[in-house]
Amino acid sequence: MTDTIRDPATGSRQDRYVPGEIEKKWQQRWREEGLYEVDLNDDSRPKYYFLTMYPYPSGDLHMGHWYAEVPADAAARFTRMRGYNVLFPMGFDAFGLPAENAAVKAAREGVPNVHPARLTYERIERMKQQFDQMGAMFDWSKEVVTCDPEYYKWNQRFFIEMMERGLAYRKESVVNWDPVDQTVLANEQVIDGRGERSGALIERRLMPQWHLKITDYADELLDFEGLDWPARVRTMQTNWIGRSEGAEVVFKSEQGDDIVVFTTRPDTLWGATFMVLAPEHPLVAKLTSDEQRAAVEAYVERTSHLTEVDRMAEAKEKTGVFIGAYAVNPVNQARIPIWIADYVLMGYGTGAIMAVPYGDQRDFEFAREFGLDIVPVVRPDGAADDDLDPGRLEEAWAGPGTLVNSGPLDGIRHNGEKGRASPAIAAAIEYLESIGAGREQTTYRLRDWLISRQRYWGTPIPVLYCDACGIVPEKLENLPVVLPEDVAFMPTGESPLKTHAAFLNATCPRCDGPAKRETDTMDTFMDSSWYWFRYLSPHDDDRPIDPELADRWTPVDMYTGGIEHAILHLLYARFFTKVLRDLGYVNISEPFRSLRNQGMILGSDNEKMSKSRGNVVNPDDLVAQYGADTVRAYLMFMGPWDQGAPWSYTGIDGQARFLNRVWSLVVGGGEGDEAKASMTEADLRRAVHHAIKEVTEDLEAFRFNTAIAELMTLQGALSKARAAGLAATDTWREGVRTLLKLLAPIAPHITEELWHRLGEEGSVHLQSWPEHDPAALVVDTVTMAVQVNGKVRGQIEAPREADKDAVLALARAEQNVARYLEGKEVAREIVVPGRLVSFVVK
RNA sequence: GCGAGGAUGGCGGAACUGGUAGACGCGCUAGACUUAGGAUCUAGUGGCCUAGCCGUGCGGGUUCAAGUCCCGCUCCUCGCACCA
């Protein structure tokens with residue numbers, strides 16, 4: 001049994017739409033002809049750098065990749081047809097834990113010869129084959145694979161140059177330790193107290209680690225001037241950086257130690273009735289009295305063992321211990337007790353606070369819990385003395401008001417603004433500075449970027465430890481420090497670099513004495529922080545970035561990718577670009593001019609696709625069944641791209657039908673009933689130009705779903721026109737060609753096939769984008785609604801040129817409208833040209 | 001708790017500066033062609049007590065006119081979360 005017999009209506013097999021055949025054929029032709037290879041030095045057309053986030057080579061291209069990349073491809077193709085020289089490269093974020101974990105697992109199970117490198121390159125090959133069947137116009141000649149020494153060598157160079165400038169440094173700090181992945185993680189990689197990848201509960205450990213000084217760039221990173229980015233991402237980054245303006249105030253312990261606190265409300269200093277130090281604060285041991293020592297040590301011990309999750313779970317109730325020491329408030333010499341509590345974090349500000357229970361809800365709760373004094377210092381507008389009575393307060397007052405009980409600051413207004421924008425805060429800062437007890441200060445929530453990873457499969461950090469010289473960077477001419485391949489993975493997951501003698505034992509670059517290599521590798525976000533520069537010259541052995549090409553092609557004009565990178569990758573990439581600028585490699589400060597985020601594609605059960613849930617939809621199977629063009633069109637049709645959507649198996653049939661109808665417009669078959677259709681050439685021409693206008697605007701705005709809806713409408717109009725006998729007209733033939741061009745970015749294979757079947761020689765993808773003729777959109781008569789007292793009572797056909805009086809006359813004459821106007825007094829008449837007429841009657 | 005976004009037919013979703021709510025598609029119903037149809041084509045499809053009335057999460061308001069603007073809520077999603 002063959003298809004031909006099963007489908008007598010459409011004639012020979014050759015005339016049927018068989019996606020599997022034409023898609024392979026065109027993919028091969030495009031490759032052979034180098035259709036998508038970009039000449040970076042071509043300046044005959046304006047350049048456009050269209051970038052989509054490169055994937056981790058998991059070995060399988062899943063629906064999420066398709067959802068991310070197919071619409072990006074359509075937008076890139078559209079841009080190209082509009083006359084730009086579009087660079088649309090692709091590569092692989094090839095370092096990372098999964099491949100190494102697979103090797104560790106194999107070692108545990110006694111399977112030999114599983115190495116992350118081999119695994120990764122195999123997976124890359126497989127994914128590239130899957131990429132091919134997507135029909136995307138990636139220019140693979142610029143491919144970047146980050147685990148290649150020719151790439152990561154430059155990570156090492158950047159690192160050393162950053163070290164020389166103090167932007168990379170080693171420091172002992174409390175870190176997030178992931179016990180499953182056996183490595184530390186950056187703050188950004190810890191979600192709800194758990195490792196982003198492993199999901200393991202994060203432990204706190206004190207370890208020496210390498211950091212990059214992203215905090216030096218905090219203020220510059222808050223500036224999004226000139227960036228066309230979603231507000232959501234800008235807000236998330238702004239919140240993450242968390243700039244707070246305020247003051248540093250120095251309290252003295254009774255023993256004479258300086259205790260520095262940070263506060264955003266120095267104007268409430270007269271209301272500070274106690275101090276709280278973080279349990280890890282270095283002064284705790286020294287200041288604690290003998291009587292309190294046992295209690296304090298117990299509390300410190302307890303908090304140090306709590307995981308982040310435990311601490312959050314206990315956040316409801318305030319806990320803490322008095323350490324038996326007192327401090328002096330510098331503005332009024334009040335003697336105030338010093339406590340420790342875990343609601344004060346060592347990692348923020350100075351790890352110590354002045355507690356103003358009247359003005360801060362947390363301090364208020366703490367004071368109530370432990371019976372500490374509350375002194376009112378801000379009178380809310382209109383508040384009576386009774387309202388300020390500490391005994392009657394139910395919560396802290398952080399809003400605007402006038403300062404009271406505040407010595408020289410009494411009567412000054414706090415207007416609720418932050419920093420010096422509040423007269424009270426400004427006055428407090430000046431007063432503090434005048435008595436030498438503090439100064440204006442800005443603090444950030446952002447921490448320096450911790451890049452050390454205790455894992456093998458990453459860029460080796462190029463430093464050595466020499467007994468004589470200390471920490472020494474590798475010489476630039478010795479780069480790259482290559483990851484040794486002859487390593488044995490241990491079942492424990494511990495990095496094999498730690499026991500690899502040939503790697504470990506090296507010569508000190510400074511004194512030629514014996515030295516040990518650093519065994520930590522770099523966070524893989526380092527790789528993705530500059531890869532778009534490398535696409536421009538992926539194999540340049542002399543320098544990481546070609547300065548001329550970088551000047552010409554960057555910043556990236558359009559960057560697309562998942563919202564999950566709003567903070568991590570996108571913040572690091574911005575930081576790194578600024579560092580590269582300061583190191584003299586590039587002349588730009590921002591890497592990505594425009595940014596668009598796609599949503600997530602979910603399983604049909606509305607849950608995230610995962611093997612364990614069994615709701616994974618495999619694109620390969622769908623492509624085999626429907627063809628890539630149908631899958632592409634469906635992914636773009638499901639809804640707004642930035643919203644994401646649950647997968648549905650039923651909806652995809654609609655796209656298959658649509659493409660079949662387009663096919664039949666060129667090849668024949670599927671004609672409707674001629675007798676019922678009527679359409680003029682002018683109607684058809686209007687439909688075509690309307691579609692050009694709408695599809696163009698939709699694609700510009702990444703509204704793929706409505707673009708396809710318009711294309712369906714155009715297909716419907718062409719089918720109807722054919723049934724109405726217009727198929728022999730130039731208008732119809734031109735309409736079909738326009739449809740193919742407008743559809744080409746979305747469904748590249750079928751449009752290319754049909755374009756050639758129309759007798760064209762060149763590729764449809766090299767055609768220029770159609771432009772609509774406004775004159776073609778003009779209609780002779782418009783349908784207008786007629787309302788009486790706000791309700792639609794009829795419709796009229798009015799000549800386009802009709803003036804207000806003529807339209808009103810037509811409206812009054814409409815049968816049903818006349819009925820409602822009869823015997824009534826018309827109080828108002830409103831005419832919205834081309835839209836409606838509205839009568840108000842009494 | 002703070003910040004951002006959202007709620008429209010049985011379903012996914014349209015709707016420009018307030019101007020005929022439900023484009024486009026899925027599903028469903030009927031018909032045509034058929035030995036057959038889960039193919040194709042045609043027509044219909046928000047609800048109801050159907051010359052009309054009611055309908056865009058809920059309650060108010062502005063307006064000739066509100067999915068769209070204003071006030072007050074509810075719920076959902078995402079991000080941050082004891083950040084001083």
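In what follows, every chain begins at residue 1, and chains take the letters A, B, ... in the order their sequences are listed. All figures in this text were calculated on a predicted structure; none of them were measured in a lab.
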Tell me whether the centres of the aromatic rings in A:W397 and A:Y358 are closer together than 6.0 Å.
-> no

Report which part of the nucleic acid A:R234 touches: base, sugar-phosphate, or nothing (heavy-atom distance under 4.0 Å, all strands).
-> nothing

A:M236, nearest nucleotide to its side chain (from B:rG79, B:rC80, B:rA84) | B:rG79

Mind checking salt bridge (charged side-chain N to carboxylate O under 4.0 Å, His left out) for A:D621 and listing every partner two or more places apart, or none if nothing turns up?
-> none

Ionic contact status for A:E369 with A:K318, cut-off 4.0 Å | no

Below 4.0 Å: OP1/OP2 of B:rG52 and any side-chain N or O of A:R819 = yes

Between atom CD in A:E365 and atom C1' in B:rA84, what is the gap in whole Å?
-> 14 Å

Could you check if the base of B:rG9 is syn or anti? Syn means the glycosidic torsion is within 90 degrees of 0.
-> syn

Going by atom types only, do A:D342 and A:T303 share a side-chain donor-acceptor pair under 3.5 Å?
-> no

Expressed as a whole number of Å, how far does the C1' atom of B:rG22 sit from that of B:rG10?
-> 14 Å

Measure up the A:F370 and A:F366 rings against each other and bin them: parallel (under 30°), tilted (30 to 60°), perpendicular (over 60°).
-> tilted

Nearest whole angstrom, please: distance from the P of B:rU40 to the CG of A:L665.
-> 15 Å

For B:rC54, does either OP1 or OP2 sit under 4.0 Å from a side-chain N or O belonging to A:K791?
-> yes

Which nucleotide in the set B:rA23, B:rC80, B:rU20 lies at the smallest distance from any side-chain heavy atom of A:T706?
-> B:rA23

Could you check how far CG of A:N660 sits from P of B:rC41, rounded to whole Å?
-> 9 Å

Any donor-acceptor pair under 3.5 Å joining the side chain of A:R722 to the base of B:rC41?
-> no

Quick one: which residue pairs count as a salt bridge (charged side-chain N to carboxylate O under 4.0 Å, His left out) with a foot in residues 635-655 of chain A, not counting sequence neighbours?
-> none

Represent RNA chain B in dot-bracket notation, 5' to 3'. Only Watson-Crick or G-U wobble pairs with both distances under 3.5 Å count; pseudoknot-style crossings use [ ] and interstrand partners use |.
-> (((((((..(((......[....)))((((((.......))))))(((...)))..(((((..]....))))))))))))....

A:R574 to A:W229 six-membered ring, cation-pi geometry met (6.0 Å, 45°) | yes

Applying side chain to side chain contact (heavy atoms under 4.5 Å, CB included), run through A:L227 and A:L595 and close with a yes or a no.
-> CA-CA 8 Å; A:L227 294 189; A:L595 174 73; over 6 Å; no

With sequence neighbours excluded, residues passing salt bridge (charged side-chain N to carboxylate O under 4.0 Å, His left out) with A:R596 | A:D228

Of A:G639 and A:F262, whose closest RNA chain B nucleotide lies nearer the 5' terminus?
-> A:G639

Comparing A:M638 with A:Q795, nearest RNA chain B nucleotide closer to 5' gives the residue A:M638

Would you indicate what A:Y820 reaches in the nucleic acid, counting non-hydrogen atoms under 4.0 angstrom: base, sugar-phosphate, or nothing?
-> sugar-phosphate

Residues 265-279 of chain A side chain polar contacts: donor-acceptor under 3.5 Å, at least two apart:
from: A:R265; atom 1: NE; to: A:D267; atom 2: OD1; distance (Å): 3.0
from: A:R265; atom 1: NE; to: A:D267; atom 2: OD2; distance (Å): 3.4
from: A:R265; atom 1: NH2; to: A:D267; atom 2: OD2; distance (Å): 3.0
from: A:T268; atom 1: OG1; to: A:R265; atom 2: O; distance (Å): 2.8
from: A:T273; atom 1: OG1; to: A:D373; atom 2: O; distance (Å): 2.8

Please find out if less than 6.0 Å separates the ring center of A:F702 from that of A:F704.
-> yes

If we take the P atom in both B:rG57 and B:rU68, what is their distance in whole Å?
-> 8 Å

Qualifying residues under ring pair (Phe, Tyr, Trp, His ring centres under 6.0 Å), relative to A:Y444, sequence neighbours excluded = none

Taking only residues two or more places apart in sequence, or in another chain, which ones meet A:E697 in a salt bridge (charged side-chain N to carboxylate O under 4.0 Å, His left out)?
-> A:K693

Please measure how far the C1' atom in B:rU50 lies from the corresponding atom in B:rG55, and state the result in whole Å.
-> 15 Å

Contacts satisfying side chain to side chain donor-acceptor pair (under 3.5 Å) that involve residues 786-796 of chain A (not counting sequence neighbours) are A:R793-A:Y820

Same-atom distance (C1') from B:rC58 to B:rU8, integer angstrom | 15 Å

Between CD of A:E564 and P of B:rU77 the distance, given in whole Å, is 19 Å

Sort me out a list of protein N/O and nucleotides 4-6 of chain B N/O pairs below 3.5 Å, or just none if empty.
none

OP1 or OP2 of B:rA81 less than 4.0 angstrom from a side-chain nitrogen or oxygen of A:R445, does that happen here?
-> yes

Does A:N816 make a side-chain N or O approach to OP1 or OP2 of B:rG52 shorter than 4.0 Å?
-> yes

Using a heavy-atom cut-off of under 4.0 Å over every strand shown, decide if A:P646 touches base, sugar-phosphate, or nothing.
-> nothing

Please measure how far the C1' atom in B:rU40 lies from the corresponding atom in B:rU34, and state the result in whole Å.
-> 11 Å

Pairwise C1' distance for B:rC41 and B:rU63, with rounding to whole Å = 47 Å

Quick one: A:I601 CD1 to B:rG12 P, roughly how many Å, whole number?
-> 14 Å

List the atom of A:L635, the atom of A:Y67, and the distance in Å for their closest heavy-atom pair.
-> O-CE1, 3.5 Å

A correct 5'-to-3' footprint of nucleotides 24-29 of chain B, with B, S and - meaning base, sugar-phosphate only and no protein heavy atom under 4.0 Å, is BSSS--

Pick base, sugar-phosphate or nothing for A:T350, based on heavy-atom distances below 4.0 Å to the nucleic acid.
-> nothing

Can you check whether A:R703 has a side-chain N or O nearer than 4.0 Å to OP1 or OP2 of B:rC16?
-> no

Measure from OH on A:Y634 to C1' on B:rG13 and round the result to the nearest Å.
-> 11 Å

Please identify each residue that fulfils salt bridge (charged side-chain N to carboxylate O under 4.0 Å, His left out) with A:R439, with sequence neighbours left out.
-> A:E248

Pairs: protein N or O with nucleotides 63-67 of chain B N or O, under 3.5 Å:
from: B:rC64; atom 1: OP1; to: A:R828; atom 2: NH1; distance (Å): 2.8
from: B:rC64; atom 1: O2; to: A:S838; atom 2: OG; distance (Å): 2.9

